[in-house]
Amino acid sequence: MKLNNLYILALSIIIVSCGGGNNKPEPNIPPVVNFIAPSEVAENSYVVLISNSTDPDGSIQSHEWSQISGPLVTLSSINTTSVSFISPDVSTVTNLTFLLNVTDNQGAVTSSEDILVKVMPSMADNSLITDNNILLENLDSPFLNMVEIDNIIDDLESITYKILSRPESIVSNFTVTYFKEKLNLNNEKIIIPVIGFYEDYLNQLDFIFTFTDGSQKIISKQHQTSSYDASTKIKVVLPPNDTVRPSFDYFYLKRFGGPMLVDIDGYTRWINTQSSWSMYFDDEENQFYFGLQNKIGKLKLDGTIEFNEILSDDLLDIEVHHEVSKGKVGHLVEINASYDGETQIIESILIEVDSLGNILNTWDMGKIFRQYMISNNDDPSNFVIDGEDWCHMNSSIYNPQDNSILISCREDFVAKIDYTSKEIIWLLGDETKHWFVNFPSLRDLSLNSLDTKPIGQHSLSIYDGHISLFNNGFNSFRQPEGAPNGINLSESRATIYEINESENTAKAIFDYTDSKYSDICSSFYSDPYSAEKDFLVLFTAVNRVNLDEEWYSSIQGINSNKQKLFELKIPKERGVNQPCRDGWNAQIFNSNIIFK
């Protein structure tokens, strides 16, 4: 009996030790698939699908993406949390279907429902505009045409026209863009002036319609132009080439009667004969501002001209001459005028006017220099002479870097004047002339320099904070009788001066000459539209004073290494051509104009 009891006890212990409880493992819960995907996308757009799947009792081990229907796209990866692709180009609404499989750390796999992405055709695809809706209207000028476009374009952002350069040319296509708010719209037509055609040529041009979704529709057209008998004939001396390509492609000549747009191949691309040679192109408004007689005018690229009379309470007989340039708040205009209706103040008054002709500021060089010289114990009576062209102002610019005005008095010097106080800051010019030799107060303002100073200079501008000008090298010819009129250079120069006002010095940091002498007019400017900033040089009157030599204008592109990039020539005929009529100044023109 004792043995039986021991057996039962042992058996009980064994049963208890073998476990009588409920310790079965929990079943694995499969992962939960979640994703982020756009329901609609534009054609040719970047699309991203993202998995934010979870596993309730473990972790996500892997993802697997696949496309199961629709035009095949290239997935960036199939085994990552997110996947991207470029939507296909479609003409109708097109469905793409994708599948996502997610595996957890215990091997369970869950598949997503179909991931549907609709690819929408672009607004360009849906646009009704065709070649038949674009009409090029022939005008008198081969360089200007009006384009009528049927106004059937919804969701339009802009219209661009691009005139393709000749096949052999390296010149950039001439391009103009009008954003919708700048378009001339009516109920039926969109009217755009198109400039920049080649004359006597079958021009190729593209119209690019850009829509609010970023899509574009391009329609190509051809347009045959007539020939044009331009009074300014241009010959090519050195054509441009791709090896040393200039940073600019177009420039305009300031001519008697109006501007002429030219490309660096020497082709005339636009011309106006109804304005003036005193002008500048406003890049913000994309139109020329010019002065003519006693008026300030604006010339639009469609040839439209508007005038406003310059209004003054104290200046009579106003007449614009030489340059008009962009001012601080308006336009700087060089004028002749009279205070009493009898004595004319000749080429020594600068005014700033608004576009309506209201005078905002006046710098009378005679008054400014008289006041300064008298206050410094000098007698100005034999320097500032009313009724005489003692200054011959031919260039003036506003410098926003220090709120100053720079003025070229061709007869004497370049002067820096404070915009507000009208105080003379410094003078830079030939020190063998009357102004320096005979007037100590003016001598005190002269910058010191070991380099050739400006003599009969033109075309002031600012280059990287420095003063740029064309140094003609022609002495004064309007000084009082017996007064020293300075020296002549043997060749004209394009020069950039670094001014150090604290040390009262001027240093020529760039000086270019091409063994040419142009005694009057001429210009030198850098490219304001490019980081390379190549230069445009115009020698207006080469050999005018050398009667035995060919007389012509030379238009050159050069770089900072003084390498000649192209050269054009305008031949002149003695006794027929006025020296500066065909281009007294030339400035670089933007090849990509945007009206916005």
Side-chain angles (χ1 to χ4, degrees), residues 278-280 282 289-291 296 310 312 314-315 318 320-337 345-355 358-373 375 380 383-384 389-429 435 441-442 445-447 453-454 457-470 495-501 504 506 523-525 528 585 587:
S278 304
M279 71 183 68
Y280 79 97
D282 190 312
Y289 280 97
F290 66 93
I296 184 74
I310 297 173
S312 174
D314 57 349
L315 291 171
I318 292 174
V320 179
H321 67 86
H322 284 91
E323 277 201 339
V324 174
S325 62
K326 193 174 186 66
K328 182 177 183 179
V329 292
H331 316 288
L332 295 181
V333 183
E334 299 165 6
I335 62 169
N336 300 320
I345 309 301
I346 301 175
E347 300 193 0
S348 58
I349 298 177
L350 177 69
I351 58 176
E352 186 171 23
V353 303
D354 63 19
S355 298
N358 300 301
I359 295 181
L360 310 174
N361 212 334
T362 302
W363 298 266
D364 184 329
M365 293 300 107
K367 290 183 177 181
I368 290 171
F369 276 87
R370 273 198 192 97
Q371 180 180 348
Y372 167 79
M373 294 173 75
S375 66
F383 180 66
V384 178
D389 192 7
W390 65 273
C391 167
H392 195 86
M393 185 189 303
N394 61 21
S395 183
S396 52
I397 59 172
Y398 173 70
N399 185 358
Q401 297 173 349
D402 58 9
N403 195 39
S404 67
I405 298 289
L406 293 170
I407 293 173
S408 166
C409 283
R410 197 220 81 87
E411 285 294 292
D412 306 298
F413 40 58
V414 176
K416 177 178 177 179
I417 312 290
D418 183 86
Y419 178 92
T420 305
S421 70
K422 300 176 184 174
E423 174 189 359
I424 308 169
I425 307 301
W426 50 253
L427 305 175
L428 179 63
W435 71 271
S441 64
L442 300 182
L445 293 172
S446 181
L447 295 173
K453 290 191 172 184
Q457 68 287 330
H458 286 76
S459 75
L460 299 176
S461 64
I462 303 297
Y463 173 83
D464 285 349
H466 308 304
I467 309 301
S468 168
L469 55 83
F470 187 93
T495 307
I496 299 173
Y497 292 97
E498 179 183 62
I499 309 298
N500 188 323
E501 293 186 2
N504 197 47
S523 61
F524 169 54
Y525 294 102
N585 185 294
Q587 291 188 244

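FYI, the numbering just counts along the sequence from 1. Because the structure is a prediction, the values reported are computed rather than measured. Heavy atoms only: backbone and side chains are in, while hydrogens, waters and symmetry mates are out.
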- Query: At their closest point, which heavy atom of I296 faces which heavy atom of S355, and how far apart are they?
  - Reply: CG2-O, 3.8 Å

- Query: Do M373 and L442 have side-chain heavy atoms sitting under 4.5 Å apart?
  - Reply: yes

- Task: For the pair S468 (side chain) and S461 (backbone), establish whether a donor and an acceptor sit closer than 3.5 Å, ignoring hydrogens and angles.
- Result: no

- Item | Atom pair OG (S404) and CD (E423), whose distance is rounded to the nearest 0.5 Å | 12.0 Å

- Sole residue of W435, F413, W426 in side chain to side chain contact (heavy atoms under 4.5 Å, CB included) with S446: W435

- Rounded to the nearest 0.5 angstrom, the CD1-CD1 distance for I425 and I405 is 11.5 Å

- Item | 4.5 Å side-chain heavy-atom contact, L350 and T362 | no

- May I ask you to check whether F524 and Y497 place their ring centres under 6.0 Å from each other? no

- Message: What's the separation between atom SG in C391 and atom CG in D412, rounded to the nearest 0.5 Å?
- Response: 6.5 Å

- Query: Do side-chain atoms of N504 reach the backbone of L447 as a donor and acceptor pair under 3.5 angstrom?
  - Reply: no

- Counting heavy atoms not belonging to Q371, are there more than 12 under 6.0 Å from its CD? no

- Message: With heavy-atom distances below 4.5 Å as the criterion, would you say the side chains of D282 and K326 are in contact?
- Response: yes

- Query: Between S375 (side chain) and Y372 (backbone), is there a donor-acceptor pair under 3.5 Å?
  - Reply: yes

- Query: Is the charged tip of K328 near the ring of Y419: under 6.0 Å from the six-membered ring centre and within 45° of its axis?
  - Reply: yes

- Grab the two heavy atoms, one from Y398 and one from L332, that are nearest each other, plus how far apart they are. N-CD1, 3.6 Å

- Would E501 and K416 pass as an ion pair if we require N to O under 4.0 Å? yes

- Task: Show your reasoning for whether side-chain hydrogen bond (donor to acceptor under 3.5 Å, both in side chains) applies to S278 and E323.
- Result: CA-CA 5 Å; S278 304; E323 277 201 339; over 6 Å; no

- Task: Kindly indicate whether the side chain of D464, heavy atoms from C-beta on, has any atom under 4.5 Å from the side chain of I496.
- Result: no

- Query: Is there side-chain contact between E352 and V333, with heavy atoms separated by less than 4.5 Å?
  - Reply: no

- Between S396 and E334, is any side-chain donor less than 3.5 angstrom from a side-chain acceptor? yes

- Shortest non-hydrogen separation from V320 to G291 and the atoms involved: CG1-CA, 3.8 Å

- Task: Answer whether the closest heavy-atom distance between the side chains of L428 and K453 falls below 4.5 Å.
- Result: yes

- Distance in Å, D364 CG paired with K422 NZ, rounded so as to fall on 0.5 Å steps: 9.0 Å

- Query: What are the two closest heavy atoms between M393 and M365, and how far apart are they?
  - Reply: CE-CG, 3.7 Å

- Query: Minimum heavy-atom separation for N585 to S459, with atom names?
  - Reply: ND2-CB, 4.0 Å

- Message: Quick check for you: to the nearest 0.5 Å, what is the distance between I346 atom CD1 and I335 atom CD1?
- Response: 13.0 Å

- Would you check, one step at a time, whether the test side chain to side chain contact (heavy atoms under 4.5 Å, CB included) holds for I345 with N336? CA-CA 6 Å; I345 309 301; N336 300 320; over 6 Å; no

- Examine H331 together with Y289 and report whether their ring centres are nearer than 6.0 Å. yes

- Message: Any side-chain to backbone donor/acceptor pair from N399 onto N403? Under 3.5 Å, distance only.
- Response: no

- Message: Quick one, L360 and V353 - any side-chain contact, counting heavy atoms below 4.5 Å?
- Response: no

- Shortest non-hydrogen contact from L469 to V414? CD2-CG2, 4.0 Å

- Is the shortest heavy-atom distance from the side chain of W390 to the side chain of S348 under 4.5 Å? yes

- Task: Can you spot which of H322, H458, R410 makes a side-chain hydrogen bond (donor to acceptor under 3.5 Å, both in side chains) with N394?
- Result: H458

- Item | Stepwise side chain to side chain contact (heavy atoms under 4.5 Å, CB included) test for I424 and I368 | CA-CA 8 Å; I424 308 169; I368 290 171; 3.7 Å; yes

- Message: Go through it in stages, so that I can follow the logic: the residues are I310 and N358, the test is side chain to side chain contact (heavy atoms under 4.5 Å, CB included), and I'd like the CA-CA distance, side-chain angles, deciding distance and then a yes or no.
- Response: CA-CA 6 Å; I310 297 173; N358 300 301; over 6 Å; no

- Applying side chain to side chain contact (heavy atoms under 4.5 Å, CB included), run through I351 and N361 and close with a yes or a no. CA-CA 6 Å; I351 58 176; N361 212 334; over 6 Å; no

